[in-house]
Amino acid sequence: MTVPDVRPDLPWITAGSIDLAELEAAREQSPIARSDRGYEVLSHAPGVRALEHPDLLKGPSFLKRLDDFGITEGELRRRWNQVVTTTEGEHRTHMRVPLARLLRPGQVAKLGDAVRDIVHGALDEIDPSAPVDLVDALAWKIPSRLYCHLVSAPMELAPTIGRLSDSVLGPLLTQDHSRRQEFVDAFWEGLELVREHIDARRKDLGDDFTSAMIQMQLAGALTEEELLAQALSILQASIDNTVHQIAIVLASLLEDPARWSAVVADPGLVPAATEEAVRLTPRFGTIFRLAARDTELDGVPIEEGSWVYVSVRSANRDPVVFPDPTRWRLDRPSVRQLMFGAGPYNCLGQHMARLEIHECVRAVVERFPQARLAGEWTTRQTNAVTEVTALPVALG
Ligand code: HEM
């Protein structure tokens with residue numbers, strides 16, 4: 001069935017809009033709007049229902065990103081077709097369950113000391129007497145070093161791993177076609193890197209992530225190609241997103257001295273401050289799905305083949321759930337977070353990401369309570385994601 005061109009009962013918004021005023025005006029008329037790319041879910045509760053909806057599939061949405069990027073066939077596409085983010089059904093479960101086991105909250109909780117050491121190590125490398133860009137000097141260092149720790153790779157590889165994650169996810173999520181070749185090259189370079197690393201670990205199995213995945217392969221639970229796909233997925237997914245969200249949280253605190261003083265006075269507020277910063281400036285602005293059949297969302301008929309975009313930006317400012325939504329408040333009741341997705345697709349690394357953000361903020365608060373912005377922090381925003389391009393800070 002084709003999507004009707006006009007749905008007079010639903011407000012119309014510009015496809016891909018990042019204009020909060022436009023999103024808010026439409027949300028006041030209806031929780032779900034239309035644009036020329038499909039349906040746009042603007043309120044929180046229908047957003048959760050869309051992300052959990054059994055007829056709204058995620059796999060095709062990641063494949064759409066590849067299609068739109070011109071990666072439609074050949075060996076590169078075949079490799080992408082195997083990873084958890086692009087698949088559905090039994091294959092998805094087969095790939096997701098081992099990752100979920102590695103990244104479960106109990107496992108992540110054991111990483112606290114390692115993350116703290118990594119964060120303090122990165123801060124030790126900074127000369128606090130001059131302003132510093134915390135995106136490069138801190139945010140980029142933490143997830144890539146944690147990845148090396150998790151998989152028992154040499155720490156010297158961290159800058160390469162950070163670059164590879166950025167060169168794959170950055171161009172794809174922002175649909176920056178000028179970086180298409182960089183994306184292709186980084187994919188193959190990353191695959192070679194994880195292949196060499198896995199071969200080295202085979203001779204010396206330990207209790208790291210790579211060894212655990214090799215054990216799964218030896219037990220017949222993963223093929224050789226699937227093992228490589230899993231290793232590469234963690235490399236790509238664990239770094240870029242976390243880097244930008246770390247920077248966003250630090251910037252959101254530092255841009256208002258009252259916010260910063262509050263966490264300096266009571267570091268116990270760091271988790272609440274993190275959730276509030278993520279609410280107001282989520283790394284993911286939109287998460288989308290494909291309707292697998294004619295279906296319905298909150299009384300709105302959704303035709304098979306329609307794309308359904310959940311606006312995290314807009315849902316996070318839904319006054320029904322977040323009264324006085326533009327205000328920074330640390331006393332909000334805990335509410336379902338949309339930015340990490342939901343349902344059978346939700347982000348497997350969200351506990352790890354929160355741990356990294358909390359430890360970064362706590363360490364800067366503890367060591368540099370006088371920290372303040374040394375210039376404007378800047379972002380590059382697309383409908384899909386926000387990237388922090390600079391975060392100049394005077395620490396001393
Ligand atoms: C702040 C940092 C992060 C953000 C903003 C983020 C965001 C997301 C989002 C939006 C999804 C898709 C959810 C959906 O479609 O419902 C996702 C999936 C995923 N994330 Fe994260 N993520 C972050 C950190 C991490 C980390 C640290 C890891 C790994 C250690 C990770 C691993 C994954 C994986 C494996 C998936 C695929 C799940 C699936 O398709 O079944 N993420 N993430």
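Being a predicted model, the structure only gives us computed values, none of them experimental. Just follow the structure's listing: the first ligand is 1, and inside any ligand the first atom is 1.
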Fill in: Cation-pi geometry met for R65 and F62 (6.0 Å, 45°)
yes
Item to complete: Validate the cation-pi geometry between R317 and F322: distance from NZ or CZ to the six-membered ring centre under 6.0 Å, angle to the ring axis within 45°.
Response: no
Worksheet entry | Donor-acceptor under 3.5 Å (E276 side chain, R329 main chain) | yes
Worksheet entry | For V97, side-chain contact (heavy atoms from CB on, under 4.5 Å) partners two or more places apart | T93, R101
Worksheet item: How would you list, by chain and number, the residues with a heavy atom under 4.0 angstrom from ligand 1?
Response: K58, V84, T85, R92, R96, L103, A237, S238, N241, T242, Q245, R283, F284, I287, R289, M339, F340, G341, A342, P344, Y345, N346, C347, L348, G349, M352, A353
Discussion item. List the residues meeting ring pair (Phe, Tyr, Trp, His ring centres under 6.0 Å) with F187, not counting sequence neighbours, and say none if there are none.
Written reply: W80
Response to the item:
Residue pairs meeting salt bridge (Lys or Arg N to Asp or Glu O under 4.0 Å), one or both in residues 168-178, sequence neighbours left out, come to none
